[in-house]
Student: 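Please see the structure below; I have some questions.
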There are 2 protein chains.
Amino acid sequence: MEAHQPDTKHKRGSGRDRVLDAYIDVLLTDGVAAATLDEVARRADISKGGLLHHFKSKDDLVEGLLARFTAANIIEVETTLASTDGAVLGYLNGSLVSGEQFADLYMAVLRLAGSNDPRVEGALRASHEAWFNGLKQHIEDPTIARVIQLIGDGMYLHTLLGGKRTPRDDTAIAFAHRLAQENSN
Amino acid sequence: MEAHQPDTKHKRGSGRDRVLDAYIDVLLTDGVAAATLDEVARRADISKGGLLHHFKSKDDLVEGLLARFTAANIIEVETTLASTDGAVLGYLNGSLVSGEQFADLYMAVLRLAGSNDPRVEGALRASHEAWFNGLKQHIEDPTIARVIQLIGDGMYLHTLLGGKRTPRDDTAIAFAHRLAQENSN
DNA sequence: TGACTTATACCGTCCAGACGGTACAGTAAC
DNA sequence: GTTACTGTACCGTCTGGACGGTATAAGTCA
């Protein structure tokens with residue numbers, strides 16, 4: 001899961017990272033209501049006291065998740081848009097994947113979106129902004145870039161609702177890809 | 001707010017409807033964590049006992065919301081797709097509105113989407129299915145219909161995250177409209 | 001080298017408050 | 001009598017968080 005450091009002295013990765021991994025895991029498998037401190041600590045194989053040593057409060061845990069998300073998003077935008085797969089294909093395919101590092105992180109944060117927390121909304125909006133700016137570098141017409149982005153966001157929403165990837169998605173992606181190529185830089 | 005019946009005997013609409021109105025209100029303004037039975041009862045101007053008279057449990061309240069949503073969705077699909085505004089414009093504009101009957105209902109349900117509840121996910125997926133089928137009646141190419149739908153869903157997601165409608169959205173809608181007209185029945 | 005101090009990374013227990021839900025007596029309209 | 005509530009009192013459980021204690025490694029100074 002985690003890019004393991006030279007294995008300091010602890011179980012797997014640092015305690016902080018293990019807690020965040022566990023938090024993401026609970027959010028994805030059982031939803032936001034199940035993501036209590038006790039349950040997160042249990043899955044991280046740590047005591048509740050230990051968890052609270054790394055994150056001073058539940059709020060702090062959310063912030064930790066958002067920080068990891070924001071950092072990962074920057075890298076993800078860069079690498080995806082530079083991929084041989086093509087920026088648009090990379091972006092759209094990413095929105096339908098689960099089980100992969102970044103997609104899981106995104107979906108976990110998206111599960112928090114119902115909480116009306118401005119930090120969560122802010123982080124997700126910033127992510128969208130970053131993707132839009134990235135797409136604009138590859139697609140001349142900003143309207144097309146926006147449309148591509150919206151299609152991807154729609155797919156993220158479907159994934160949130162447990163929808164599996166279907167052939168319809170593939171044809172939609174192919175269509176978007178063609179659309180982008182006709183307007184690419 | 002509510003299509004008021006000939007004002008039976010109570011304050012405004014039936015108690016059941018008032019409770020659901022209040023539930024939606026809490027979800028939209030303060031999020032899912034704030035939507036406790038006490039708070040919903042308070043906003044419905046009803047006692048907690050009264051609330052539990054109408055909805056036997058919180059789970060039952062959720063189901064009541066989903067039932068209203070599902071029923072409203074059928075009507076909304078019909079009327080929107082028959083609108084003079086044009087099906088596509090009607091659909092896409094609806095996804096960016098707040099303060100309107102159906103849009104609020106949709107956003108309220110969407111706030112529950114992080115809870116990993118199969119009933120919530122099922123209701124939202126059924127809604128998407130209905131919109132897709134409706135759009136297909138107006139757009140020959142099902143791929144285009146799918147793309148239009150995804151664009152709308154992306155806009156719903158943006159609205160969920162508190163994004164306001166921008167000129168970018170307008171141009172995207174205009175683009176989608178043109179796309180649909182070139183492929184309409 | 002050993003004694004003392006500091007910092008980090010936890011563990012385990014306890015607690016106050018919130019929450020969902022029950023129970024029930026009473027009221028008012030039809 | 002039935003339906004639709006109000007209002008209050010209460011209960012068991014869960015949850016976030018505080019707190020005190022422990023183990024270990026690293027540094028400081030004699």
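In what follows, every chain begins at residue 1, and chains take the letters A, B, ... in the order their sequences are listed.
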Student: Who are the side-chain hydrogen bond (donor to acceptor under 3.5 Å, both in side chains) partners of A/Y156, not counting sequence neighbours?
Tutor: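 side-chain hydrogen bond (donor to acceptor under 3.5 Å, both in side chains) check on A/Y156 returns nothing, list empty.
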
Student: A/R42 CZ to C/dC10 P: how many Å, rounded?
Tutor: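 My rounded result for the distance is 18 Å.
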
Student: Output the residues of residues 112-123 of chain B in contact with DNA chain D, where contact means a heavy atom of the residue under 4.0 Å from an atom of the strand; sort by number or write none.
Tutor: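 None, since no heavy atom is under 4.0 Å.
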
Student: Between B/R16 (CZ) and D/dA4 (P), how many Å, whole number?
Tutor: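 These atoms are roughly 11 Å apart.
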
Student: Applying side-chain hydrogen bond (donor to acceptor under 3.5 Å, both in side chains), can you list everything that pairs with B/T159, at least two apart in sequence or on another chain?
Tutor: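 side-chain hydrogen bond (donor to acceptor under 3.5 Å, both in side chains) list for B/T159, sorted by chain: empty.
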
Student: So for A/K48 and C/dG12, does any side-chain atom that can act as donor or acceptor lie under 3.5 Å from a complementary atom in the base?
Tutor: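 No pair found.
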
Student: With side chain to side chain donor-acceptor pair (under 3.5 Å) as the rule and sequence neighbours excluded, what pairs involving residues 172-181 of chain A come up?
Tutor: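 Sorted result for residues 172-181 of chain A: empty, none.
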
Student: Only pairs at least two apart or in different chains count here, so list each salt bridge (Lys or Arg N to Asp or Glu O under 4.0 Å) that has a residue in residues 151-160 of chain B.
Tutor: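 Sorted result for residues 151-160 of chain B: empty, none.
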
Student: Measure the distance from CG on B/D17 to P on D/dA4 and round it to the nearest whole Å.
Tutor: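 Between P of D/dA4 and CG of B/D17: 13 Å.
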
Student: Going by number, which of residues 49-65 of chain A have a non-hydrogen atom under 4.0 Å from DNA chain C?
Tutor: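 Here the set is A/G49, A/G50, A/H53, A/H54.
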
Student: Within residues 25-41 of chain B, which residues have any heavy atom lying less than 4.0 Å from an atom of DNA chain D?
Tutor: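 By residue number: none to list.
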
Student: Can you name the residues that form a side-chain hydrogen bond (donor to acceptor under 3.5 Å, both in side chains) with A/S115, not counting sequence neighbours?
Tutor: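 Listed in chain order: nothing, the list is empty.
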
Student: Got a sec, which residues hit side-chain hydrogen bond (donor to acceptor under 3.5 Å, both in side chains) with B/R16, two or more places apart in sequence or on another chain?
Tutor: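 Not a single residue meets the side-chain hydrogen bond (donor to acceptor under 3.5 Å, both in side chains) criterion with B/R16.
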
Student: Suppose we screen for side-chain contact (heavy atoms from CB on, under 4.5 Å). Which residues come up paired with B/E63, at least two apart in sequence or across chains?
Tutor: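 For B/E63 the side-chain contact (heavy atoms from CB on, under 4.5 Å) partners, ignoring immediate neighbours, are B/D60, B/R119.
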
Student: If you look only at pairs with a residue in residues 25-42 of chain B, which of them pass as a salt bridge (Lys or Arg N to Asp or Glu O under 4.0 Å), with sequence neighbours excluded?
Tutor: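 Sorted pair list: B/D25-B/R43, B/D30-B/R43, B/D38-B/K48, B/E39-B/R42, B/E39-B/R43.
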
Student: Which residue pairs pass the ring-ring contact (aromatic ring centres under 6.0 Å, His included) test when at least one of the two sits in residues 31-77 of chain B, sequence neighbours left out?
Tutor: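 Pairs touching residues 31-77 of chain B that pass the test: B/F69-B/Y106.
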
Student: Under a 4.0 Å threshold between the charged nitrogen and the carboxylate oxygen, would B/R168 count as salt-bridged to A/E129?
Tutor: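 The answer is yes: the pair qualifies as a salt bridge.
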
